[in-house]
Structures are given as C-alpha cells and as structure tokens.
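Side chains included, hydrogens not; waters and symmetry mates left out as well; all remaining heavy atoms used. Throughout, protein chains are lettered first and strands after them, A, B, ... in sequence-line order, and every chain is numbered starting at 1.
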Amino acid sequence: MSYKTDLPVMLPVKPRALEPFKSLKKRHILLIAFLTIVGPSLVFAQTGEFEKSPLAILLDWTPLLLSGFLFNLVISFGAMALGTLVGGLLGLGQVSLFAPTRASSWLVTQFFRNAPWLVLLFFAMFLLPFELNIFGFKLPLPDWFKAILGLSLPVMANVSEIVRGAVRSLPSGQWEAAESLAYTRRQTLWLIILPQCVKRMLPPWMNLYSILTMATVLASIVGVSEVMTLTGRALAAEGGRTDLLAPFYGLVLVLFFIYCYPIARFTVWLEHKFSVIN
Amino acid sequence: MTWSATSDPMVSIKNVYKSFGSLDVLNGVTLDVMKGDVICIIGPSGSGKSTLIRCINALNDIQSGSILVEGLEVNDPNLDKLELRKKVGMVFQQYNLFPHKTALQNIMMAPVRVLKQNKKTSEAAALELLKKVRLEGKENAYPGELSGGQQQRVAIARSLAMQPDVILFDEVTAALDPETVGEVLQTIKELAEDGMTCILVTHEMAFAREVADHIYFTDRGIIVEHGPPETFFKDAKDPRTREFLSQIL
C-alpha cells in the first residue's frame, strides 16, 4: 500500500544502499600503498649505509611470508569447521528439552566462551601428546593440528551461543504453529526453526570467523610456522636489522587487512540485507 | 459415562481449572461441542477465552478437570499429543505461517511429513484447498508477499490439509486490516456450512450471531452465560453479559 503524503515520517524507510567496498576510498588505498612500499623506502632513504634496500629484502622474503599466511588461513579454516560442527551440536544441546543435556551444554559453552583464547591454545598444545596411539596405529599430532584443536574450542563456544540465540530469537508462534500441526519436536527444529535461523546466524558467524583469523597468529607463540613465526625468523636471518621491523610487520598487517576487511564489509552488508527483509 | 454413540460430543470440557503461577485463568469451565457445531466464545480481554482453546490441543496444560477430544483425554500425562493434534487444527491471530516456505509448501508440508502422505496427492489436495480459500495462483508466493487476509486464509488451508475433526480459531481476524476481515470470515463461514466443527474465539459479534450454533460468554475464567445466538443477543440474563454486550454492540 502506498499513501500520498508530504510528511517524511509517513514515507517508507529507504535504507541507505550499502555496498561491500563503497567505503574503501582512494585515500585508504594510498595509505596501504604507503605502508607497504613508500614507508620502507623512506626508512631506507634515512639509513642509506646498508647495501640492500629494506624493500628489496622484503620482496625476497615475501613468498615465504605469503606461504606462512596461507598456513594461518588453513588453521582458520580448520578451527572454524571443527568449531562450527561441535558448536552447532552444543547449541542444539542448549535448546534441548532434556534438562541435563541443556545444563551440561550450557556449562561447556560458558566455560569455553569465558576463557582466554591463548590459554586454551596452550592447553591444547601442551596437554595433547605429539602422537596418538589408536589400535597400534601411530597417528602423529603435528603442532598445526593441535593449534586447530585449541582454537576450535572458543569458536565452538561462540557458535553454540550463536545457535542458541538464533533459535530463541524466533517468535514462539512458529513453534506453536508447528506443534499444532503435529510435527515432532525434531521435525519442527530441522524443517521449520533451523532453516529460518541460518539467515540470522550468518552475520555473527562470519564476524567470528574474522576474529578467529586474526587470532591465528597466537599459534606463533607456541611455535607453529605461521606468518608471525616466519616473520620473526626472517628478521633474525637478516641480522636483526631494526629498519626491517616496520616493513616486515607492516606487510603482515596488510595481509590480514586485505583478507579480513572484505569479510567485515560483506558481513555488514548481509546484516543490513536481512534486517530489511525481516 | 452414559452417552449414546450418536450424541457423543466431539469435544467435552468438564470442570477445567488452569492458572499461570498465582494467576487463575480458568475457574471451572464446562462445555460440550457436538460434531458439526460452530461455537463462538466471547468475553472481555483476559477472561480466559484464548487459554481455553489452547488447552484443547494441549498447547497449554490444565491443572484439573477433563478435556475429551474424540475419546482422547487431554489431561492424561501419557497423552499422545501428536495423535491429539492430528484431530485438532488451529488457526492463530498472528497467522504463524512458515516464512521460508511458499503458500503451497506451507499447506502440503504437514500432510507429507506428519501424515506421510504421498507428495503428489498432497500437492493436488493443497492446490484444491488454495482454490477453496480463493487463493488460486498464489501457490508460489511466500507469506511475506501476501496480505494479512491472504496469509490467514493460507493458514486456514494449512490447517484443513491435515483433515482435522475440529478447528480452533484464536481471534483470527484481530490482527487484520478492516478491509480484509470480511474475506477471512467468509472463508470460515463456508467451512461452517460444509459441516466442519469450529470453535472460535472472536470479537466479531455480527459474525458470531450469523454463523454460531451456540455462544458462550466467559468472564474471569468461568462461563457466565450461553445459548443460541438469537436468545443470547436478545435477552441475556446475567448483568455482566448485558454490560459487555452494551459496550460492544
């Protein structure tokens, strides 16, 4: 229905068009370029006595650092997949009608949600053996795998809360309508409730992924050869030159920014889209 | 019980008490609904009308008393709620259609998933029902694309698809735009004429007068007065009924 009116408040709300990259302006790109290219050269200009420019050294090391960053991504994928799987089940446990399941799922969720990520990572690193003995088969547990396990714990707890929140946010009328049509509780959950929850869960889930990706550098503290570890080693190999610190860590920052920023923008866009529909 | 087979009520409510915490909502309600009857429950807000019909399909449980639906005791802890709900349909004030499913899917999903009916026959039946509620051509529309009145008619069709013995209508026109109330009432009227047993909670007095076989007036959790519409609206005896009717008519 549309009414003719002069009053702006009577007009339908026109949401501001949101595009994932609209707010990334030219000056931002310039800033990134400065950090990666111009910055190091400036440093070089001021400390010209070295035989090789920091930029040239950075370029030499870039392939290795990129491979390290790729490893961060692998850890983030693994921890996210595992955490989502287990966290999803835990979230369903939190909305169970069976009180002991509900209570224990709640306890596990709260425990891991309120624990520092680094401590969880240390637990996984130092409490798990370096190999598992399953029926005589020796299954090695490499450090990166333990890092995935350790980081998947907080992800699991947060996913559990996302699932619980989404299920609880649906109007009770949906449950009642399904009940009055004689759906079983399981059918109600899988056919009616959860499909509607996916939309609501996607933005916070992606937000969580972004945070997790940035947290993967914690694995450097426990010795996994991801981008931070490799950066440290590269700097050491170059003799600990102080003029290299800014360009090297700058590159790492830029790598994360290039990866995480689009995800954040896309999340905002999704949130906006869904808030208009529902 | 000494009912003969032909006069068994379809729904028999006896001395039902229900409270939410310390709030007493139903204080001994007794009423019978025969097969094919259309009964309307009217009364002021908070008088327990909606709670009463929500107890019939066990959406709310009761503290004491008995509700028999086609021989199923609702107040039995071992009640098979799914069996009960296959017999009792319900239409809600807020429609409560499933927003992620089309009109057709909303209607045919329960017959397929709950009654395990064949998908083809369920779809044919669902299309037939859409025609019955005058929504031909809307089968692929999502609830968000339909008006309130259209959504409510889909909800009625969804309930009918389960072939219930009785349908509960919980203030089904209260959330509608005035201009779409008529189309929903018309649909209900046609159902009543087809012989469907209906229990309605409503504020539409003119409609109640037209379609009801029997009217019940509730206040503070009891049935104050009841009777066929002609006598009920003309010569109500209880002062509370008179007051309510004078305010609303």
Turns out that what part of B:Lys101 lies under 4.5 Å from chain A's heavy atoms comes down to side chain
Any idea which of B:Val88, B:Leu82, B:Leu84 has the most non-hydrogen atom pairs under 4.5 angstrom with chain A? B:Leu82
Under a 4.5 Å cut-off applied to non-hydrogen side-chain atoms, are B:Phe92 and A:Ser180 in contact? yes
More than 12 heavy atoms of other residues, nucleotides or ligands under 6.0 Å from CZ of A:Phe123: yes or no? no
Answer key: most heavy-atom pairs under 4.5 Å with chain A among B:Leu59, B:Asn57, B:Leu115, B:Val91 is B:Leu59
Go through the atoms of B:Arg158 and report whether side chain, backbone, both or neither lie under 4.5 Å from a heavy atom of chain A. both
Is atom CH2 of A:Trp106 surrounded by more than 12 heavy atoms (other residues, nucleotides or ligands) closer than 6.0 Å? no
Can you tell me if B:Lys138 has over 12 outside heavy atoms packed within less than 6.0 Å of its NZ? no
Is the number of heavy atoms from other residues, nucleotides or ligands under 6.0 Å of B:Arg113 CZ greater than 12? no
Would you say A:Phe145 has more than 12 foreign heavy atoms packed within less than 6.0 Å of its CZ? no
OG1 of A:Thr184 to NZ of B:Lys81, rounded to nearest 0.5 Å, is 13.5 Å
Using a 4.5 Å heavy-atom cutoff, which residues in residues 165-177 of chain A come close to chain B? A:Gly173, A:Gln174, A:Glu176, A:Ala177
Contact check, side chains of B:Met109 and A:Ile192, non-hydrogen atoms, under 4.5 Å: yes
Test item: B:His100 side-chain N/O and A:Leu191 main-chain N/O as donor-acceptor pair under 3.5 Å: yes
Heavy-atom pair of closest approach, residues B:Val114 and A:Leu181: CG2-O, 3.7 Å
So for atom CD, which belongs to B:Gln163, do other residues, nucleotides or ligands contribute more than 12 heavy atoms lying within a distance under 6.0 Å? no
